[in-house]
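Inspection log for the structure reproduced underneath, given as structure tokens.
Predicted model, so just to flag it, every value in this text is computed and none were measured. Letters A, B, ... mirror the listed sequences (proteins, then strands); counts begin at 1.
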2 protein chains.
Amino acid sequence: MSVVPARRRRVRKAPTILDVAAEAGVSKSTVSNVVRGAEVADATRVRVLRAIDRLGYKPNAIARQFVQQRTTMLGVLVGDLSNPYYAQMAQVAERAAFRCGYTTMFCNIEGEENIAVAGVDSLLEHRVAGMVFLAYISRTRQLENALKQASVPIVFLGLSEQWGDSVGPQDTQGGRVATEHLLTLGHRRIAYVRTPLVEPSGDRARYAGYRAAMRKAGATAGSPMQWQPGTSTVRAGAARQDLRETLGSPAGPTALFVSNDIGAIAMIETCETLGFAVPGDVSIVGFDDIALAGLHRISLTTVAQPLDFQAERAVALLLERIADPGRPSRHESVPVELRVRNSTGPPAG
Amino acid sequence: MSVVPARRRRVRKAPTILDVAAEAGVSKSTVSNVVRGAEVADATRVRVLRAIDRLGYKPNAIARQFVQQRTTMLGVLVGDLSNPYYAQMAQVAERAAFRCGYTTMFCNIEGEENIAVAGVDSLLEHRVAGMVFLAYISRTRQLENALKQASVPIVFLGLSEQWGDSVGPQDTQGGRVATEHLLTLGHRRIAYVRTPLVEPSGDRARYAGYRAAMRKAGATAGSPMQWQPGTSTVRAGAARQDLRETLGSPAGPTALFVSNDIGAIAMIETCETLGFAVPGDVSIVGFDDIALAGLHRISLTTVAQPLDFQAERAVALLLERIADPGRPSRHESVPVELRVRNSTGPPAG
DNA sequence: TCATATCCGTGGAACGTTCCAGGATGCGTG
DNA sequence: CACGCATCCTGGAACGTTCCACGGATATGA
């Protein structure tokens with residue numbers, strides 16, 4: 001009876017570097033060197049590679065990450081994957097990361113803070129090398145703390161942020177050109193419509209652009225109308241208004257600037273359901289230029305922001321910071337561009 | 001001068017279980033027990049929890065996974081996140097996995113086999129506990145091998161497969177009801193249009209349903225028309241045809257059954273660009289019922305498959321198999337339902 | 001021939017956790 | 001008091017890799 005405790009048996013245990021070493025008749029270090037692409041004499045290398053092939057060895061990334069005390073995983077906190085705005089950025093970010101040898105862990109936060117906090121925790125427990133924050137959630141104290149206490153780099157994508165790195169569109173400029181487009185068409189009563197689907201700071205900047213353009217043209221800027229897609233009432237300040245009445249009244253807006261495309265498309269739907277033609281009775285401008293906006297049937301005039309480019313930059317910034325954590329934080333804002341389509345036209349009458 | 005090699009120093013090293021143990025005055029095992037929720041006397045537990053809080057300790061999932069020789073990560077191979085069909089399923093799958101304590105690693109394969117193979121490799125190196133295959137790529141030998149050699153469970157989502165588990169829609173039934181709908185409207189010349197955006201086996205089944213319905217009604221089923229969205233030519237067998245001529249000819253189809261919604265919506269665009277009204281000149285039916293199809297401006301008649309339900313089931317099947325690898329493989333096909341909207345109507349004349 | 005340099009390969013420590021056998025303590029019972 | 005038992009905690013081994021200092025050949029130069 002052996003005193004040595006039997007090695008726990010497993011079904012079809014995956015071969016390790018030691019199995020390969022034995023098979024090839026070299027030390028584990030040599031196998032490690034081959035796998036990592038370090039200098040090894042050619043003859044030895046092929047011997048090892050053959051052994052790897054015979055055994056079907058796959059390096060254990062978990063063990064590697066464990067010993068190296070760092071991972072090649074990025075975490076992505078994404079607001080809502082079924083929203084094409086996020087989906088597209090998420091996709092590009094994943095591709096960019098993969099190209100650089102990083103895998104990507106996603107966490108859908110669905111606009112809920114507690115999920116977001118749990119997601120951050122989970123990502124940190126998995127020791128991701130960095131995080132991409134790609135969400136519109138209005139960050140409360142708890143989430144803010146969770147993010148700030150995280151000892152890993154964070155890049156904010158689609159918005160600019162005081163701390164960490166960030167990549168976002170030129171929101172103010174975008175708000176301005178959208179509004180100027182409507183003014184040029186002859187509109188004077190233009191409303192700014194805010195939906196919950198946009199990040200608060202970006203929203204404020206877009207509104208600021210709108211205000212600036214209105215003021216410059218001598219038109220009166222209204223306060224933002226809050227709108228929840230799917231409903232037909234809006235809130236302006238404390239007052240609730242019925243959308244049908246608002247648009248139907250003689251003093252009502254002839255054009256709407258909705259702060260994001262998903263909201264703008266939903267607004268087109270709602271307006272038409274209420275019997276207002278777009279752009280005949282009301283012109284609508286969006287923001288983002290998601291793929292959907294370009295469909296003929298939709299044809300939304302919008303402010304295009306280069307989603308792919310931003311996602312690429314975000315990953316690039318993140319990797320730079322991972323490589324050099326001491327680097328001062330960077331904030332990139334990328335130019336936007338008006339895309340005129342068929343949801344806007346001159347005001348009626 | 002000390003002979004003992006100095007422990008490599010790191011900036012702000014994350015606290016480990018040992019730091020917590022020292023802080024709380026207990027052994028590392030006790031801390032481990034607290035963290036894992038094992039039985040620990042209440043007094044000790046609070047002492048440990050306080051220490052955890054003071055130090056800001058976060059369990060190291062990498063180390064845990066390493067010692068346990070298994071992870072709580074699922075890999076998802078997704079065809080194309082910017083396609084809402086996948087995005088929605090991916091989102092639901094991620095949520096379901098997260099609820100069960102699993103994190104999700106995504107890999108966008110973008111329809112390219114070599115990316116898919118590299119992605120599978122990467123997921124396996126990270127020792128994911130299982131994989132969800134959510135893509136339309138036609139699997140060539142190499143990818144097929146990579147998947148089969150993977151020693152982890154795989155579930156195919158959105159398609160049925162001979163091996164592994166799978167969850168998919170009742171494709172044949174769906175093809176039948178879509179076709180019957182058009183027949184009922186009075187169409188006799190109905191074409192089946194295949195785009196590269198659908199998984200081959202699902203496509204074949206939908207076509208089979210179409211054929212069956214046509215035969216039963218005494219109409220002649222054509223061979224599938226291959227169509228690449230964005231172009232205006234189709235291939236039927238070996239022959240290339242111009243879409244404008246095809247639809248314009250007196251013997252041309254009065255209705256199209258496109259095998260997926262993204263393709264169907266693109267087809268509406270193309271038809272209208274070519275001057276054919278939908279549904280006036282040509283009726284179009286899709287398959288999937290993505291959110292987009294329900295927009296007023298699109299209003300696509302389509303075969304609805306419960307995407308959320310399928311994604312949930314796929315994760316459930318995967319976790320069951322992870323828990324019991326010996327379980328016989330399961331294939332679930334879920335019922336579909338015709339959703340009649342405004343892209344179909346009686347044939348012209 | 002010896003010293004030195006170069007080239008390749010090796011062995012051991014370390015990473016942070018889990019798991020398990022067993023130790024310490026306290027309590028009830030014969 | 002001795003013993004058994006329950007309760008609670010502990011220490012060590014193991015996981016698969018990387019990294020580093022070192023070792024043994026072989027070549028080079030004096």
Margin query: Strictly below 4.0 Å: does A:Q68 bring a side-chain N or O up to OP1 or OP2 of D:dC19?
Written below: yes
Margin query: OP1 or OP2 of C:dT10 versus the side-chain N and O atoms of A:S27: is any pair under 4.0 Å?
Written below: yes
Looking at [Y] and [X], is there a salt bridge between them, counting it only when a charged N and a carboxylate O are closer than 4.0 Å?
{"X": "B:K13", "Y": "B:D19", "value": "no"}
{"X": "A:R50", "Y": "A:E23", "value": "no"}
{"X": "A:E312", "Y": "A:R99", "value": "yes"}
{"X": "B:R313", "Y": "B:E332", "value": "yes"}

Checklist line | Flag side-chain contact, heavy atom, 4.5 Å: A:R45 against A:V26 | finding: no
Checklist line | Interface with DNA chain C, restricted to residues 34-51 of chain A and to heavy atoms under 4.0 Å | finding: A:V40, A:A41, A:T44
Interatomic distance where [atom1] belongs to [X] and [atom2] belongs to [N] [whole Å]:
{"X": "B:I62", "N": "D:dG16", "atom1": "CD1", "atom2": "C1'", "value": "13 Å"}
{"X": "B:N60", "N": "D:dC15", "atom1": "CG", "atom2": "P", "value": "19 Å"}
{"X": "A:Q65", "N": "C:dA14", "atom1": "CD", "atom2": "P", "value": "22 Å"}
{"X": "A:K58", "N": "D:dT17", "atom1": "NZ", "atom2": "C1'", "value": "17 Å"}
{"X": "B:R127", "N": "D:dT17", "atom1": "CZ", "atom2": "P", "value": "7 Å"}
{"X": "B:N33", "N": "C:dA21", "atom1": "CG", "atom2": "C1'", "value": "14 Å"}
{"X": "A:R64", "N": "D:dC19", "atom1": "CZ", "atom2": "P", "value": "9 Å"}
{"X": "B:H126", "N": "D:dG16", "atom1": "NE2", "atom2": "P", "value": "17 Å"}

Using only heavy-atom distances, decide whether a donor-acceptor pair under 3.5 angstrom links the side-chain of [X] to the base of [N].
{"X": "A:K28", "N": "C:dG12", "answer": "yes"}
{"X": "A:T30", "N": "C:dG9", "answer": "no"}
{"X": "A:S29", "N": "C:dG11", "answer": "yes"}

Check: Does the side-chain ring of A:F66 lie flat on the base of D:dT17, meaning centres under 5.5 Å and planes less than 30 degrees apart?
Finding: no
Check: Going by atom types alone, do A:S82 and B:Q88 pair a side-chain donor with an acceptor below 3.5 Å?
Finding: no
Margin query: Here's a test for you: under ring pair (Phe, Tyr, Trp, His ring centres under 6.0 Å), which of B:W163, B:Y86, B:F156 qualifies with B:F133?
Written below: B:F156
Note to self: For A:V26 and B:S32, find the nucleotide of DNA chain C closest to each by heavy atoms; which residue's nucleotide sits nearer the 5' end?
What the structure shows: A:V26
